[in-house]
Amino acid sequence: MPAPTLSEMPVVPLSAPEFGGREWQYVKACLDGGWVSSAGPFVERFEQMAAESLGVRHAVAVVNGTAALHLALLAAGVEPDDEVIVPSLTFVASANAVRYCGAWPVFADADPATWQMDPARVEEFVAQRCRWNRGRLINARTKRRVRAILPVHLLGHPCDMDSLLRIARRRRLRVIEDAAQSLGASYRGRPVGALGDAACLSFNGNKVITAGGGGMVVTQRAAWARRARYLSTQAKDDGDEYIHRALGYNYRLSNLHAAVGCAQLEQLPPRLAAKARIAARYREAFADLPEVACPPVAPWASPTHWLFTIRARGRGNRSAKLAAFLAGQGIEARRLWRPLHRLPIYRGAEQIGGAVADALYAGTVSLPSSTSLTEDDQERVIAAVRGWVTR
Ligand SMILES: *Cc1c(COP(=O)(O)O)cnc(C)c1O
């Protein structure tokens, strides 16, 4: 038999969805009952389950995590020409949601110890580059009002929230958590997503659990939840008379997606256990390799290990080389996101440092971390990384 060509070689995926629960049963219930669209029992159930699991009072299900961020920022009162502090190192959606509001991101560098948004950089910005003007915090250079901080719990690891919340309280800033990658993580024993004024979840296909697509705004603030729900349903003031006083959006989640989401949320604890097992195995396998650093875990963090991301020691662009090497072996590995201050769309944006994010971008690669990853496949990944290191 001829050797398999590269395209025929089994690919070990980075983060594949896994459906092992009641997904079929719930989707069938939607189809049988005719409730497939934006009304239906699963939407409410999905919201209740998510709110309960985080210990927050309100949850509003929407079409995706990006829409959740957009609505949370609007509910927080972010207005055109405001500024919102966002980490340099995150997926572009975090900053784009700020622009959807007509506001501007200010990029804060990562903390080298945690890879998360660095509270020291945020403090540096608000203390040295902003001033008070009639009860408002103003960026002295741009003259824009600084309204909020948007910490992103990257790769399943929480940010140093007490430090960020302290800064926010002193400067009267709102805090919107981007918990898209970190459902199930906790910070000092408190669930991520219940720490700021509001938080956003994503149920995209590559996250810890998926609804096929979906997002959620969660908050303790009834007024914010009301506002988010109102804006998500075309800002309907009177559905019969078609009266709209605000610019709304069609962001509501469908019952079909919520049905999948409910079945997946029921599976969250075993999925988190699988992620933790995978992370522990990688750690053990690379413990003797000085060339490979495993992702940091802060003492106050209980992460979800969404993607296990290693850092190759050395100089130059190791991440692209390592990712390409692994791809050649049928292993889907991915570099972290290009720091947002490097993106053409955000050229000229305000930034507070950025060298740490740049260095992480040049040196890190996320390894296959699907909850369905078999031990054999993980051994393949480990052997490939070892092979690259000792090449
Ligand atoms: C996935 C993700 C989003 C966006 O979620 P979607 O559901 O894909 O719109 C936002 N922020 C971060 C950090 C993400 O990883």
Side-chain angles (χ1 to χ4, degrees), residues 54-56 69 72-73 76 78 82-91 94-95 98 105-132 136-139 145-200 218-221 295-304 306 309 336 339-341 350-360:
L54 296 176
V56 297
L69 285 167
L73 290 165
V78 171
D82 283 348
E83 289 183 355
V84 176
I85 305 171
V86 176
S88 291
L89 191 63
T90 179
F91 181 50
S94 314
V98 173
V106 174
F107 295 118
D109 203 357
D111 177 348
T114 63
W115 303 2
Q116 307 296 322
M117 178 188 247
D118 189 345
R121 292 306 206 164
V122 177
E123 176 61 27
E124 175 190 325
F125 174 71
V126 296
Q128 295 173 19
R129 289 163 58 176
C130 299
R131 54 179 167 68
W132 287 106
R136 299 172 160 211
L137 189 70
I138 304 292
N139 177 337
R145 177 177 189 177
V146 184
R147 183 74 77 141
I149 306 175
L150 197 149
V152 182
H153 308 293
L154 277 185
L155 301 167
H157 187 290
C159 296
D160 178 4
M161 287 301 288
D162 281 349
S163 301
L164 292 171
L165 289 167
R166 202 174 312 120
I167 296 168
R169 214 174 304 117
R170 287 207 193 116
R171 315 281 167 170
R172 291 187 215 153
L173 301 173
R174 300 301 199 183
V175 176
I176 315 295
E177 297 170 75
D178 181 342
Q181 304 176 356
S182 299
L183 176 61
S186 55
Y187 171 81
R188 298 190 195 278
R190 285 132 60 200
V192 152
L195 303 165
D197 294 291
C200 300
V218 292
T219 178
Q220 300 286 28
R221 296 167 176 268
V297 177
W300 31 258
S302 172
T304 63
W306 173 55
T309 305
L336 288 184
L340 301 189
H341 63 264
E350 290 280 293
Q351 69 184 81
I352 326 154
V356 177
D358 287 340
L360 287 169

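Heavy-atom basis, side chains included; hydrogens, waters and symmetry copies ignored. Treat the numbers as computed from the prediction; the structure is a model and nothing was measured. In this chain, residues are counted from 1 in sequence order.
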> Which heavy atom in Leu340 sits nearest to a heavy atom in Pro87, and how many Å separate them?
Replying inline: CD1-O, 4.2 Å
> Where is the tightest heavy-atom contact between His153 and Cys159, given as atom of each residue plus distance?
Replying inline: ND1-N, 3.0 Å
> Are the side chain of Asp197 and the backbone of Thr219 linked by a donor-acceptor contact shorter than 3.5 Å?
Replying inline: no
>> Could you check whether any side-chain N or O of Glu124 sits under 3.5 Å from a backbone N or O of Ile352, counting only pairs where one atom can act as donor and the other as acceptor?
In response: no
>> Would you say that more than 12 heavy atoms from the other residues, nucleotides or ligands in this model lie under 6.0 Å from the CZ of Arg188, or not?
In response: yes
>> Regarding Asp358 and His341, do their side chains bring together a donor and an acceptor under 3.5 Å, going by distance alone?
In response: yes
>> Here's a test for you: under side-chain contact (heavy atoms from CB on, under 4.5 Å), which of Asp160, Leu164, Asp111 qualifies with Asp118?
In response: Asp111
> Going by heavy atoms in the side chains, are Met161 and Val175 under 4.5 Å from each other?
Replying inline: yes
> Considering only heavy atoms from C-beta outward, does the side chain of Leu183 approach that of Trp306 to under 4.5 Å?
Replying inline: no
>> Please report the interatomic distance CG(Asp109) to CE(Met117), rounded to the nearest 0.5 Å.
In response: 10.5 Å
>> Rounded at 0.5 Å granularity, tell me how far CZ in Arg171 sits from CD in Glu123.
In response: 5.0 Å
> Is it true that Asp162 and Arg190 have a side-chain N and a carboxylate O under 4.0 angstrom from each other?
Replying inline: yes
> Does Arg136 CZ have over 12 foreign heavy atoms under 6.0 Å away?
Replying inline: no
>> Please check this pair: side chain of Glu83 against backbone of Val106, looking for a donor-acceptor N/O pair closer than 3.5 Å.
In response: no
> For Arg170, does the CZ atom have more than 12 heavy-atom neighbours from other residues, nucleotides or ligands under 6.0 Å away?
Replying inline: no
>> Please identify which of these residues, Arg131, Arg129, Glu350, meets the side chain to side chain donor-acceptor pair (under 3.5 Å) condition with Asn139.
In response: Glu350
> Nearest heavy-atom pair of Leu69 and Asp178: which atoms, and what distance?
Replying inline: CD1-OD2, 3.6 Å
>> Within this structure, what is the CG-CZ distance for the pair Leu73 and Arg174, rounded to the nearest 0.5 Å?
In response: 12.0 Å
> Going by heavy atoms in the side chains, are Val146 and Leu173 under 4.5 Å from each other?
Replying inline: yes
>> Please find the pair of heavy atoms, one from Ser94 and one from Val86, that lie closest to each other, and give the distance.
In response: CB-CG1, 4.2 Å
> Taking C-beta and beyond as the side chain, do Trp300 and Thr114 meet within less than 4.5 Å on heavy atoms?
Replying inline: yes
> Just how far is it from atom CD of Gln116 to atom CG of Leu155, taken to the nearest 0.5 Å?
Replying inline: 7.0 Å
> If every non-hydrogen atom of Ala108 is compared with every non-hydrogen atom of Val122, which pair is closest and at what distance?
Replying inline: CB-CG2, 4.1 Å
> Which atom pair, heavy atoms only, marks the closest approach of Pro151 to Ile176?
Replying inline: CD-O, 3.1 Å
>> Would you compute the distance between atom CZ of Phe125 and atom CG of Leu137 and round it to the nearest 0.5 angstrom?
In response: 7.5 Å
> Is the shortest heavy-atom distance from the side chain of Leu154 to the side chain of Thr309 under 4.5 Å?
Replying inline: no
> So do the side chains of Leu89 and Val152 get within less than 4.5 Å of each other, counting heavy atoms only?
Replying inline: no
